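Here's the structure we're looking at; comments come further down.
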Amino acid sequence: MIKELPKAYEPSKYEDGIYKKWEKSGFFNPDNLDLPKNAPSYTIILPPPNITDKLHLGHSSMLAIEDLLIRYHRMKGFRTLWLPGTDHAAIATQNVVEKKLLKEEGKTRQDLGREKFLEKVLEFVKITQSVILRQTRKMGASLDWSREAFTLDKPREEAVKKMFIDMYEAGVIYRGERIVNWCPRCHSTLADDEVEYKDQQAKLYTFKYSKDFPFTIATTRPETKLGDTAVAVNPKDKRYKKYIGKVYEVDFVGIKLKLKIIADRHVEMDFGTGALGVTPAHSMADWQMAEANGLEIIKVIGEDGKINNNFKKYSGKTVEEAREMIVKELRKNNLLEKEEEIENNLSICYRCNTPIEPLPSKQWFVSVDKKLKRLGGETQKHKNTKTQKHKLDIEGKTLKEAAIEAVKSGKIKFIPDRFEKRYIDWMENLHDWCISRQIWFGHRIPVWHRTRKHENTKTQKHENTKTRKHKNTKTQKHEIEEIYVGIEPPKGEGWVQDPDSLDTWFSSGMWTFSTLGWPDNFKNGKKKGDLSRFHPTQVLETGYDILTLWVSRMIMMSLFALREIPFENVYLHGMVLDEHGKKMSKSKGNGIDPVDMIDKFGADAARLSLLIGNTPGNDLRLSEEKIAGFRNLVNKIWNVSRYVISDFRFQTPPSSADRGWVSDFRFNQKNLTVSDKWILGKMENLIKETGDDLDNYRFSQAGERLREFTWNDFADWYLEVSKFEKNKEKGKILSVILNDLLKLWHPFIPFVTEKIWEEMGNDKFLMIEKWPVTPHPQPLPHSCCRGRGEIDFELIKDVITAIRNARAENKIEPARKIKAVIYGGKSADLIKSQEYLIKNMRTGIKELEIKEKADKIKNRRSPLREAAAGQRMWHCLVPKDAIHIAVAGIEIYLIGAVDEEKEKIRIKKERENLEKLIIMAEKKLSNKEFVEKAPEKIVKQEKEKLKLRKEELKKLTK
RNA sequence: GGGCGCAUAGCUCAGCUGGCUAGAGCGCUUCGUUUACACCGAAGAUGUCCUGGGUUCGAAUCCUAGUGCGCCCACCA
């Protein structure tokens, strides 16, 4: 069969068509795979990309790694599911749309109103979503599109509501007033990890509240001091000890303050004056002190970023204005002692860079410290809970404790493992998670409120509803606020739904199970359907940057909802950086569009550039040159295949999905040449080692191994040999090697391998072929394909390389044919038998003379005996102008062209090198401790090495 | 302030549990119109493995101190 294929592989010509065929085949869906009933499942849920923007190379890296794992396991016979989806990214998306709206129409979201605005968002989402999905397909991702999910679609909405209600009933979700990070521009709270920091110059004011107050205080924010209710000092501070516990009333710039002197170990004695004005309402730390000391909380700044009422002339002023006024006032009264410039860490909003105001606000929280009881209404007796490796009993533990235990117990593993420590550290310091956001786009909180006059209130019981009453202490003493939590709006008058929506991580935290049919697939503590078949998942593969943001939440939520870990392994990849080492991100706009890369170099090359040279947890620098290099590799594979397929000896292997390696091609050992044995042995090793690498997440190493074999062993040597070495088994061997090589490559570069597979005449997809297995699970001793064949061919290779090298070094013209005389040592027979290899492999040798072994001559008591022993005779027998090469204990003399001077220099260099090595080795061996303490094997090796080198040196000196 | 990571060829990086003369890709030099491939082939050059100390018969690898870069966390008023 002779196939005419284009010389260069053109990815853009085939890729889209191949993807369509795959998708149409239905094999991305595990339900369509032809598998035994008890086939183990292998699941990865795709971390859903934010629909704020199209994908960048970071996403491509994620897709490449996951598709590699997925395709590998699919070929290994797992029930393999890779489930796609997208994330609505609540606040981020809303911001993008708001900015767009302002730019294009000059309107704010308030101008449009909630409903109209949400329509706009959904319009935007539709567009980016379709771009994302197209990009994902371009990468070759073998995702099961039939199970596609969106964090904001109907099933997920149901799941989120159910989760909220369950957690509320369990007392894990509560509403409370706490200091939150408030962005006055976004008009919303931010989670702790949504806050960014910026170094800035700030003024530190040292002042006294009033003349008769004994403390001097330092602050960068004088305006918040209007709400101070205490002064804190370090309990060890001798200067202030006597004041602790006292209460002072002061007149601070016209406002009356009651200040209690408290002790707190967090106060640094050396900073400022060692005394700290406590502003409970506008500092996280101060809030905690206030709670600990029962201090009053006075709100100074409102949600609009302005000073509240009750502060006389300061009311209604902005923060900046108030600050200026207060400083002026202090200065006037001679209370300002110092003004200095300091470096300060300013918290800003990660979306709009507006400085954050810490404010007390009523928000919804997930408690991480609440001891958990049994899930509401469900029987919780699983007898084998403890024996199941995925289950974790959470009764009597807090979410925090459970999430830590899941990792410490080894149920969840991290790759690389150093992130385990980071996870646990973070977990141990975790505070309650604020889940309400004052934005419109997202899951609406399933809570309704109504306020009633006290006297009217009769305890109203709804069936199946969860009603709690909260007394609103301060402002409305006569009113009672009712709260209703449920899936459907409550009946009755006056209910208003909570305007807030949920933190986006609340819905993505449920991602492993909300995508698999929870809660419908989970009844009475039992899983069914997809949930039982695919949960927990095997690997969560994501960037280390969202380890805390996402991974930790998934663990907590899965433990809460299912009492089961969400995944067994967490593989964390690094960031993809540009060639200057800068992070690519949407917000910075320096992300390279993966589609451009794919158009230029092909998806396969793009994938390789993200897989090879990348190690878990480490960042990756990417440049066009690098991708071009892999384009060349893909092209090499294409051409190797083109050659093999067009070879008249080529046979299409019998098509059967479960064919194992070589099993259909029994080779007659007698018909195999040295090179055949060598390549078959190498291939067998390759299969074993590649599988081993992939099983241990060493993708880069596996890729390099494959490249090494494909390019250096198969293409550069075996194929070259096959051009002139004609034997019976050649066609079969070529077919087998190509066959298995394509399978091994397929998870890395699915497109080109699938295309070649088709060209080979296969009627089934390579994608669902069985991963190769080696005929010998254990390495065989010398008898079979490995062993002697391998070693022998390596020797011939060395001889050939040495001859080429000598020719190049001595500048022998390529056209010039020369004669080689080889003194074979122990290997004379072998070399003689492979003479044709040496002659044909571009050595320019037209005649090859092999002399007998020296010891044979010795034993024959020939007159030459003595000379032979010292190998002097070769120098006698060979013309003086011969070039001498020593390789692997073999002497080679090239006759025909010489440069005596160069040869002398070469020998001198080599001798010096050898002498150095011998001295080193002798030193080592004369060391008693080495001989006694080092393992025998190493000592023996060292001795042998020394012996060989000494012999070589001897030869050279002659 | 605490924690983590990195430092190896001109560049980007491998180097697992200490043990052949420390490797790969790209780049560089020389040569080559060989019927799979110039997105190619052949040959070659290049290292104080960041620095100092220690453990060991033996350290790029383990320990320790330091320097430089990067990242994460934290309530410096």
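Residue numbers begin at 1 in each chain, while the letters A, B, ... track the order of the sequences. Since the structure is predicted, the reported quantities are computational estimates derived from the model, not experimental observations.
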Using the C1' atom as the point on both nucleotides, what is the distance between B/rA14 and B/rA9, in whole Å?
13 Å
Using a heavy-atom cut-off of under 4.0 Å over every strand shown, decide if A/Asn429 touches base, sugar-phosphate, or nothing.
nothing
Confirm from the modelled atom types if A/Lys7 and B/rA38 form a donor-acceptor pair under 3.5 Å, side chain to base only.
no
Taking B/rA45 as the reference, what is the distance to B/rU29 when you measure between their C1' atoms (whole Å, please)?
7 Å
Only pairs with both distances under 3.5 Å count, Watson-Crick or wobble alike; so what is the partner of B/rA24 in this structure?
B/rU12
Does A/Thr615 make a side-chain N or O approach to OP1 or OP2 of B/rA14 shorter than 4.0 Å?
yes
Quick one: label A/Lys928 by what it contacts on the DNA or RNA (base, sugar-phosphate, nothing), any heavy atom closer than 4.0 Å.
nothing
Regarding the side chain of A/Phe930, the nearest nucleotide among B/rC57, B/rA36, B/rA14 is B/rC57
Which part of the nucleic acid, if any, lies within contact of A/Ala715, taking any heavy atom under 4.0 Å across all strands shown: a base, the sugar-phosphate backbone alone, or nothing?
base
Under 4.0 Å between any heavy atoms, over every strand shown, what does A/Ala808 touch: base, sugar-phosphate, or nothing? Just pick one.
sugar-phosphate
Run the salt-bridge test on A/Arg698 and A/Glu689 with the 4.0 Å N-O cut-off and return the result as yes or no.
no
Give A/Ser283 one of three labels, base, sugar-phosphate or nothing, depending on what nucleic acid heavy atoms sit under 4.0 Å from its own.
nothing
What is the nucleic acid contact for A/Arg705, judged by heavy atoms within less than 4.0 Å: base, sugar-phosphate only, or nothing?
nothing
At less than 4.0 Å, is any side-chain N or O atom of A/Asn632 found next to OP1 or OP2 of B/rC40? Yes or no.
yes
So, does A/Lys923 get its side chain near the phosphate of B/rC57, meaning an N or O under 4.0 Å from OP1 or OP2?
no
What's the gap between B/rG19 and B/rA77 when it is taken at their P atoms, as a whole Å value?
50 Å
So A/Arg707, base contact, sugar-phosphate only, or nothing? Heavy-atom distance under 4.0 Å.
sugar-phosphate
What integer number of Å spans the P atoms of B/rG66 and B/rG3?
12 Å
Selection from B/rC31, B/rA77, B/rG3 that lies nearest to any side-chain heavy atom of A/Thr220:
B/rA77
Please report, rounded to the nearest Å, how far the P atom of B/rU29 is from the CD atom of A/Glu809.
19 Å
If you look at every strand shown and take non-hydrogen atoms under 4.0 Å, does A/Ser700 touch a base, only sugar-phosphate, or nothing?
nothing
d(CD, A/Glu624; P, B/rC11) in whole Å
21 Å
Closest nucleotide of RNA chain B for A/Trp717 versus for A/Pro935: which of these residues is on the 5' side?
A/Pro935
Main chain of A/Ala806, side chain of A/Asn810: is a donor-acceptor contact present, judged purely on distance under 3.5 Å?
yes
Check whether the side chain of A/Arg631 and the base of B/rC39 form a donor-acceptor pair under 3.5 Å.
yes
What integer distance in Å separates A/Tyr9:OH from B/rA36:P?
21 Å
Same-atom distance (C1') from B/rC57 to B/rG44, integer angstrom
37 Å
Distance-only donor-acceptor check, side chains A/Asn635 and A/Asn639, under 3.5 Å:
yes
Nucleotide forming a Watson-Crick or wobble pair with B/rG5, both distances under 3.5 Å:
B/rC69
Checking all strands, does A/Asp716 fall into the base, sugar-phosphate, or nothing category for heavy-atom contacts under 4.0 angstrom?
sugar-phosphate
Salt bridge between A/Lys947 and A/Glu944, side-chain N to carboxylate O under 4.0 Å?
no
A/Glu944 atom CD is separated from B/rG19 atom P, nearest whole Å, by 20 Å
Indicate whether OP1 or OP2 belonging to B/rC13 is found under 4.0 Å from a side-chain N or O atom of A/Asn614.
no
Should the pair A/Phe714 and A/Phe709 be assigned to parallel (<30°), tilted (30 to 60°) or perpendicular (>60°) ring geometry?
parallel
Does the side chain of A/Trp711 get closer than 4.0 angstrom to OP1 or OP2 of B/rG25 through an N or O atom?
no
Expressed in whole Å, how much space separates the C1' atoms belonging to B/rC16 and B/rA22?
16 Å
Can you tell me the pairing partner of B/rG41 across any strand shown, Watson-Crick or G-U wobble, with both distances under 3.5 angstrom?
B/rC31
Below the 4.0 Å mark, does B/rA43 have OP1 or OP2 next to a side-chain nitrogen or oxygen of A/Arg804?
yes
Can you confirm whether more than 12 heavy atoms, excluding those of A/Glu428, are under 6.0 Å from its CD atom?
yes
Partner nucleotide of B/rG19 by Watson-Crick or wobble geometry (both distances under 3.5 Å)
B/rC57
Between B/rA36 (P) and A/Ile756 (CD1): distance, integer Å
16 Å
Could you tell me if A/Lys839 sits above the aromatic ring of A/Phe724, with its cationic atom closer than 6.0 Å to the ring centre and no more than 45 degrees from the axis?
no
Nearest to the side chain of A/Leu276 - B/rA36, B/rA77, B/rG3?
B/rA77
Mind checking who B/rC49 pairs with, Watson-Crick or G-U wobble, both distances under 3.5 Å?
none
Record whether the side chain of A/Glu720 comes under 3.5 Å of the base of B/rA36 through a donor-acceptor pair of N or O atoms.
yes
Distance-only donor-acceptor test, A/Lys945 side-chain atoms vs B/rC20 base atoms, 3.5 Å
no
Short side-chain N/O contact to B/rA43 OP1/OP2 from A/Thr801, under 4.0 Å
yes
Separation between the P atoms of B/rA60 and B/rG70, rounded to whole Å:
28 Å
Report the residue (A/Thr219 or A/Arg621) whose heavy-atom-nearest nucleotide on RNA chain B is the more 5′ of the two.
A/Arg621
Identify which nucleotide among B/rC57, B/rA77, B/rC20 has an atom closest to any side-chain atom of A/Arg949, counting heavy atoms from C-beta outward.
B/rC20
Mind calculating the distance between CZ (A/Arg698) and C1' (B/rU17) to the nearest angstrom?
12 Å
Centroid separation under 6.0 Å, is that true for the rings of A/Tyr240 and A/Phe215?
yes
If I pick the P atom on B/rA7 and the same atom on B/rC62, what distance separates them, to the nearest angstrom?
11 Å
Students often get this wrong, so: under 4.0 angstrom with heavy atoms, is A/Thr279 touching a base, only sugar-phosphate, or nothing?
nothing
Would you say A/Lys421 reaches B/rC4's phosphate, i.e. side-chain N/O to OP1/OP2 under 4.0 Å?
yes
Can you label the angle between the A/Phe419 ring and the A/Tyr544 ring as parallel, tilted or perpendicular, going by 30° and 60°?
parallel
